Amino acid sequence: MPEIKVTPLGAGQDVGRSCILVSIAGKNVMLDCGMHMGYNDDRRFPDFSYITQNGRLTDFLDCVIISHFHLDHCGALPYFSEMVGYDGPIYMTHPTKAICPILLEDYRKITVDKKGETNFFTSQMIKDCMKKVVAVHLHQTVQVDEELEIKAYYAGHVLGAAMFQIKVGCESVVYTGDYNMTPDRHLGAAWIDKCRPDLLITESTYATTIRDSKRCRERDFLKKVHETVERGGKVLIPVFALGRAQELCILLETFWERMNLKAPIYFSTGLTEKANHYYKLFITWTNQKIRKTFVQRNMFEFKHIKAFDRAFADNPGPMVVFATPGMLHAGQSLQIFRKWAGNEKNMVIMPGYCVQGTVGHKILSGQRKLEMEGRQILEVKMQVEYMSFSAHADAKGIMQLIRQAEPRNVLLVHGEAKKMEFLKQKIEQEFHVNCYMPANGETTTIFTNPSIPVDISLGLLKRETAIDAKKPKLMHGTLIMKDNSFRLVSPEQALKELGLAEHQLRFTCRVHIQDPRKEHETVLRVYNHLKGVLKDYSVQHLPDGSITVESILIQATAHLEDQGTKVLLVSWTYQDEELGSYLTSLLKKGLPQSTS
Amino acid sequence: MLDCGLDMTSTLNFLPLPLVQSPRLSKLPGLVLKDGSTFLDKELKECSGHVFVDSVPEFCLPETELLDLSTVDVILISNYHCMMALPYITEYTGFTGTVYATEPTVQIGRLLMEELVNSIERVPKAQSASMWKNKEVQRLLPAPLKDAVEVSMWRKCYTMPEVNAALSKIQLVGYSQKIELFGAVQVTPLSSGYALGSSNWIIQSHYEKVSYVSGSSLLTTHPQPMDQASLKNSDVLILTGLTQIPTANPDGMVGEFCSNLAMTVRNGGNVLVPCYPSGVIYDLLECLYQYIDSAGLSNVPFYFISPVANSSLEFSQIFAEWLCHNKQTKVYLPEPPFPHAELIQTNKLKHYPSIHGDFSNDFKQPCVIFTGHPSLRFGDVVHFMELWGKSSLNTVIFTEPDFSYLDALAPYQPLAMKCVYCPIDTRLNFIQVSKLLKEVQPLHVVCPEQYTQPPPSQSHRTDLMIDCQPPPMSYRRAEVLTLPYKRRYEKIEIMPELADSLVPLEIKPGISLATVSAMLHTKDNKHVLQLPPKPPQPPTSKKRKRVSDDVPECKPLKPLLSGSIPVDQFVQTLEKHGFSDVKVEDTAKGHIVLLQEAETLIQIEEDSTHIICDNDEPLRVKLRDLVLKFLQKF
């Protein structure tokens with residue numbers, strides 16, 4: 001039986017280094033190629049030696065698909081393609097293709113230049129890797145080869161994020177990447193049609209969370225920022241350069257404008273302006289409202305938000321700073337955090353999920369004494385707030401997507417095991433489909449049961465659907481299998497095509513009836529009897545004295561010896577077997593007395 | 001329905017709509033017919049030997065009488081120029097289907113419509129002429145009005161609410177997106193290389209493929225290159241929207257455009273470029289961007305005047321995914337794909353919604369003005385024709401190929417201004433068509449009649465027609481053409497449970513057969529075969545049933561039989577099954593097998609077997625099954 005195999009190399013019961021292998025109808029596809037932010041050793045990249053020990057990756061993989069530009073989904077790509085070695089196609093959307101190399105370069109700089117690691121991919125490798133990328137449009141059907149096709153759907157999450165359908169023949173898998181089912185201030189909601197995949201591989205970051213309305217969260221966020229600034233405190237918002245940052249900037253910009261606030265807002269890192277430029281050029285990927293109004297007013301040109309300079313961190317007085325990266329695991333956000341952590345007037349707002357092992361994760365789980373590099377202990381006195389602004393679907397959203405796509409099986413990745421367990425049960429209960437949650441390196445096998453497409457001759461089909469096309473009906477045909485082609489034709493045509501003659505099998509039964517009347521009167525009695533019983537059949541009395549029931553012929557002769565007995569010859573072909581047999585047994589019971 | 005274009009050449013029969021009162025136009029004499037009657041002198045005016053209708057310009061609609069448009073399920077749009085009649089169709093014909101178009105097509109189409117509506121609505125005209133349309137009256141008029149077709153069908157421009165309603169019926173699609181229509185066919189737009197978002201369409205079922213190639217270009221301008229590979233293996237290729245100016249080379253024309261522009265400006269004159277607000281203008285601006293510094297034109301102001309000028313320039317920058325490779329890579333940097341962003345930044349190019357407002361303060365001469373409409377009948381261009389027409393220093397350069405420039409100029413005659421005709425039409429010419437057809441090899445080509453003969457004005461140029469084998473099938477207005485294609489098969493799906501139950505039999509080497517008796521389900525034009533339901537269990541109650549209850553419910557389906565029965569083996573089989581008195585007689589065509597005791601006779605011939613027996617059902621069934629053993633079922 002055909003099967004689909006799925007093995008997560010990363011993101012199996014975990015968040016980070018997303019990388020999932022899918023084998024479908026003889027094709028091997030790798031979904032995402034991410035890094036893990038919680039590790040600095042080998043574990044930061046997926047274990048590609050799992051794919052093949054000695055062969056080349058290119059021979060084994062038909063294609064690689066990257067869902068969006070976040071590093072936990074694409075961070076290992078140059079390592080994979082240039083250092084391990086892969087020359088096949090890599091698919092991603094246009095915005096992902098544009099932004100991905102910038103984030104990779106940023107990541108490389110932090111790792112190599114700041115942390116001094118060697119044996120890491122180089123700038124040139126990033127460039128070479130990007131040359132292998134094929135950009136896809138939304139909803140475009142990309143023919144990877146003759147059989148394998150992929151199609152991207154809008155996923156919300158970040159600019160250019162996409163879900164991908166992978167299809168071979170009538171078997172298909174949908175991989176969601178990260179997605180968001182509610183539109184936010186700059187992106188639209190994920191959407192997929194009722195494509196009924198055999199398997200839906202979905203992220204489950206917020207498997208157990210049902211978030212309150214966006215509006216409440218926004219109000220909360222603004223209130224907290226406002227209060228802190230009012231009492232002269234500093235607000236640090238660790239973000240990733242692209243994505244949430246833009247949404248929160250739009251939010252603060254409009255709030256500052258409305259409230260006429262004067263406290264400065266800064267955005268760290270040089271990426272900002274460039275990032276906003278990407279948003280402007282790829283405005284077709286943002287939400288309806290921004291797209292509609294962009295000619296009059298570009299939402300990504302900010303009045304109140306200015307570029308940050310390292311020296312500003314020591315300025316007195318209130319300020320709001322957006323700094324990268326978002327999980328406080330390195331870079332500028334961590335530097336500022338260390339400076340401000342000791343003052344209880346200040347506040348850090350974590351607007352998104354933090355991977356285990358990062359400073360962000362530690363302070364969110366209540367830790368207030370952090371061991372920093374060089375055994376130094378940092379005491380956190382500033383207020384720590386968590387606001388879920390990360391654009392992942394919550395439990396409600398995940399269920400909603402399953403309802404939209406109607407998959408036959410669901411597989412959870414990109415989440416924590418405990419939470420997955422809960423969601424798995426919920427999915428199985430509500431949709432009555434199997435739900436899987438393999439760990440890294442664990443293979444899940446799903447059996448598919450595809451129906452077989454066949455060519456049916458129009459003659460046969462029209463014959464069967466001529467009367468009432470909507471009602472299911474029994475049909476009969478002959479399937480000709482020749483050189484892998486399947487054709488369903490009428491039996492007559494099959495015989496003709498094969499140059500065979502039909503062999504007619506005919507039966508004639510003698511039925512004796514006691515009836516002293518003349519032959520033609522007997523025939524008339526038989527005719528009336530049959531007509532009375534067989535209401536749905538065409539019963540005819542022919543001029544030559546015979547009767548037909550459909551194509552069955554009945555003739556009457558007198559018995560040679562006994563004048564009181566008449567012999568009915570009932571004659572039918574094998575094709576009318578049931579009716580013929582029925583008629584003989586009916587006639588054998590004799591004629592009713594009262595038919596006159 | 002393929003495309004929904006508007007014939008705007010009808011407007012050439014009307015007087016221009018001036019933005020400010022034009023004494024010249026209002027003093028034109030009324031028409032006096034040959035017999036001296038003057039009853040039309042309010043409606044028709046004469047100017048330099050031509051007659052014009054003094055009324056709001058009207059457009060010639062697509063043929064709507066031939067078929068009931070409420071029966072049209074889908075309209076496919078190939079580019080923004082080919083959707084200008086959409087509001088007439090979607091709002092007034094009972095059409096309830098879906099329109100498919102790409103996002104740039106819709107956005108820029110909206111801009112073109114907006115400009116059209118705006119330029120007509122801002123000059124309200126009190127008079128609406130209709131008397132001349134009367135067939136009896138029209139007959140008396142001078143040409144070309146006398147010969148204008150379907151004048152009774154000409155319509156005034158639609159309004160913005162109608163445009164919005166029409167556009168709301170459009171479903172956005174992307175290149176290479178497969179769209180299922182009613183389960184019966186699949187349509188797919190492909191890049192056609194002519195304009196932003198312009199598409200050719202593939203319409204295919206499992207068995208036939210029709211390509212609709214409309215407005216395509218093989219030249220490298222700003223749009224994504226034409227996708228030719230996907231057009232291969234077409235059964236029918238419908239070819240239309242070829243270049244209107246097959247003799248002009250677009251590159252040469254652009255060169256001529258630049259040099260004429262430079263010369264005029266150097267001599268202190270102004271240049272007027274009547275154009276659409278999107279399309280070739282992007283390429284012209286890009287050329288000028290490279291040209292102006294070297295030509296010493298850095299200080300000459302360029303103005304782009306249109307109610308949608310700003311939108312058009314902005315929109316062009318956000319459709320990176322629909323642009324050619326070079327422009328796409330710019331966006332990755334990130335830089336705007338078109339250099340007109342820089343022209344605007346450096347104040348070399350300025351855009352205004354109209355001549356009123358800011359423009360009148362900024363206006364400096366000599367200058368270059370891009371504005372619409374190319375028919376010269378409405379829009380800001382009318383103002384500049386009136387303003388600059390009297391001086392031979394100025395030049396009007398025609399770049400849009402849709403209108404005859406002489407006809408466009410007719411109501412402005414006599415004219416001192418220089419006129420240069422540099423039509424830039426990047427669509428396929430006949431040489432490129434031949435190349436394309438050789439490449440994609442369609443079985444049949446279908447095209448408008450005009451493409452199958454040389455242009456009437458150049459009847460010796462046999463190179464200016466489509467040349468392919470087999471010769472193209474041509475169509476003309478309001479003609480029905482039957483395509484030479486007959487379908488013989490349809491797709492059906494066999495459910496896995498049913499497939500498992502089939503017993504294939506190898507009849508000949510490599511050919512297997514299986515008889516299929518199954519339930520046929522048809523839904524949304526998709527056919528599925530499932531296992532037939534199990535026959536219902538016979539009722540166990542002992543109550544005697546009425547005879548009629550036993551009547552077979554549905555017609556039984558027995559397979560056809562084939563093969564022949566070897567008499568000797570058959571007789572042996574009979575004996576094995578306990579028939580001891582078998583007797584065989586030879587006949588002319590075969591044999592007769594007699595079972596004497598049972599008074600049963602079996603006639604066996606090459607292609608038939610006939611069992612004649614008494615009404616002994618068990619015996620008959622036994623004989624039947626023995627015979628069937630020797631035959632194949634179909």
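Chain naming here is simple, since letters A, B, ... match the order of the sequence lines and numbering starts at 1 in each. All values below were derived from every heavy atom in this structure, side-chain atoms included, with hydrogens, water molecules and symmetry-related copies excluded. Note that the structure is predicted; figures quoted are calculated from it, not measured.
Side chains of A:H137 and B:S176: no donor on one and acceptor on the other come within 3.5 Å. At a cut-off of 3.5 Å, with distance as the only test, no side-chain donor of B:T515 or A:H476 sits close to an acceptor on the other residue. A donor and an acceptor atom, one from each side chain of B:R624 and A:Y574, are nowhere located under 3.5 Å apart.
Using a 4.5 Å cut-off between heavy atoms, A:S490 does not touch chain B at all. When heavy atoms are compared at a cutoff of 4.5 Å, A:E492 approaches chain B by way of both its backbone and its side chain.
Counting only heavy atoms from C-beta outward, the side chains of A:D455 and B:K491 approach each other to under 4.5 Å. In this structure, A:H139 and B:V173 have side chains that are not in contact, with every pair of non-hydrogen atoms separated by 4.5 Å or more. Using a 4.5 Å heavy-atom threshold, the side chains of A:N449 and B:M495 count as separate. No side-chain heavy atom of A:T141 sits under 4.5 Å from any side-chain heavy atom of B:T188.
Every side chain to side chain contact (heavy atoms under 4.5 Å, CB included) that B:E617 has, sequence neighbours left out, goes to A:S581, A:T584, B:R620, B:V621.
Listed by first then second residue, pairs satisfying salt bridge (charged side-chain N to carboxylate O under 4.0 Å, His left out) with a partner in residues 498-517 of chain B number zero, not counting sequence neighbours.
At distances below 3.5 Å, at least one donor-acceptor pair connects side-chain atoms of A:Y278 with backbone N or O atoms of B:Y332.
Among B:G510, B:A518, B:G174, B:S564, the residue making the largest number of heavy-atom pairs under 4.5 Å with chain A is B:A518.
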